[in-house]
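The figures here come from the full heavy-atom set of this structure, side chains too, leaving out hydrogens, waters and symmetry mates.
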Amino acid sequence: MTNHNPGPAFGPRHNITKYILAALGAALAVMLITSFIYRMNHPSLVKQGRAPQQNAAPEQGMSAAATGELTELMRMMQENPNDPEVLQTLAQHFMDTGDWQRAQTFLNKLVVAAPADSRPLYMLGISQYQLGQHAEAATTFERLIKLEDDPMARYNLAVLYGHFLGAPEKARPHLEAILASGTAGEELKARAKAELTGNKHEDK
């Protein structure tokens, strides 16, 4: 993301930031492939990042280096509270450790700092879902697809409407859009098809 605030373009602080973001981001490379069979039978939202450790505290199991990097990120955020890269990295860290409340704190700031970026909205929607804020999560994903027609966001909306908000009629158009999409993967289409079949049975 680009910071449009005036000031020096690059320097030692920028290099430190890039190093920290790269170090923390290296652990987030595996995406979207986990637990497919389980999810087919137990619908849940699809995440763009690594699945969190369910009961881990944010600091648990962190190396001294990772702890130092997190401390440095917090210091950098205090100096520049609206830095989108720092906010996103902090939010992703707390999502990965299952600290959804703290993640949401940074995500609420991030969606303001980067209003044209769809990923913060995706992360916020996942965080809201994990905190049981299902209506809020649906609103967030609706905002996202107005910025970018993301098939995964549509699937998440379908799950929210069909399984948590009692509105399967709102889920159907999103599932049909996934099946018609030229960018949705085959795995996601299979899940959408299974959801759509289930919704039709519920309507009878």
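Atom NZ of Lys189 is surrounded by more than 12 heavy atoms from other residues, nucleotides or ligands within 6.0 Å.
The heavy-atom pair separating Asn156 from Leu45 by the smallest distance is OD1-CA, 3.3 Å. For the residue pair Tyr129 and Ala137, the shortest heavy atom distance occurs at N-CB, 3.9 Å. In plain terms, the two heavy atoms of Met95 and Leu107 that are nearest each other are SD-CD1, 4.2 Å. Across all non-hydrogen atoms, the minimal contact from Leu124 to Asn108 is CD1-OD1, 3.6 Å. In this structure, Thr89 and Leu73 approach most closely via the heavy-atom pair CG2-CD1, 3.8 Å. Taking every heavy atom of both residues into account, Ile145 and Ala153 meet most closely at CG2-CB, 3.8 Å.
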Kindly indicate, with the supporting measurements, whether the criterion side-chain contact (heavy atoms from CB on, under 4.5 Å) is fulfilled by His163 and His134.
CA-CA 10 Å; His163 294 274; His134 300 138; over 6 Å; no

Taking it one step at a time, do Asp117 and Tyr122 satisfy side-chain contact (heavy atoms from CB on, under 4.5 Å)?
CA-CA 10 Å; Asp117 190 347; Tyr122 199 106; over 6 Å; no

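Among the candidates Glu85, Lys109, Met77, Arg102, the single residue satisfying the side chain to side chain contact (heavy atoms under 4.5 Å, CB included) test with Leu90 is Met77.
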Run the side-chain donor-acceptor check on residues 178-186: report pairs under 3.5 Å with partners two or more places apart or on a different chain.
from	atom 1	to	atom 2	distance (Å)
Ser181	OG	Thr183	N	3.0
Ser181	OG	Thr183	OG1	3.1
Ser181	OG	Ala184	N	3.2

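We find the CD-CG distance between Gln101 and Leu131 to be 5.0 Å, quoted to the nearest 0.5 Å. In this structure, the separation between CG on Leu110 and OG1 on Thr105 is 12.5 Å, given to the nearest 0.5 Å.
Not counting sequence neighbours, Glu136 has no partner by the side-chain hydrogen bond (donor to acceptor under 3.5 Å, both in side chains) test. With sequence neighbours excluded, the residues that form a side chain to side chain contact (heavy atoms under 4.5 Å, CB included) with Ala135 are Leu165. For Phe106, the ring pair (Phe, Tyr, Trp, His ring centres under 6.0 Å) test picks out Phe94, with sequence neighbours left out. Every residue two or more places apart in sequence or in another chain that forms a side chain to side chain contact (heavy atoms under 4.5 Å, CB included) with Ala177 is listed here: Arg154. In this view, Ser127 satisfies the side-chain hydrogen bond (donor to acceptor under 3.5 Å, both in side chains) rule with no residue, not counting sequence neighbours.
Below 30°, between 30° and 60°, or above 60°: for His174 and Tyr161 the angle between ring planes is below 30°, a parallel geometry.
Gln88 has its side chain within reach of Met123: a pair of non-hydrogen atoms, C-beta onward, lies under 4.5 Å apart. Put simply, the side chain of Thr97 reaches to within 4.5 Å of the side chain of His93, judged on heavy atoms. A 4.5 Å side-chain heavy-atom check between Leu144 and Asp150 finds at least one atom pair inside the cut-off.
Salt bridge Arg191/Glu195: absent, no basic N to carboxylate O contact under 4.0 Å.
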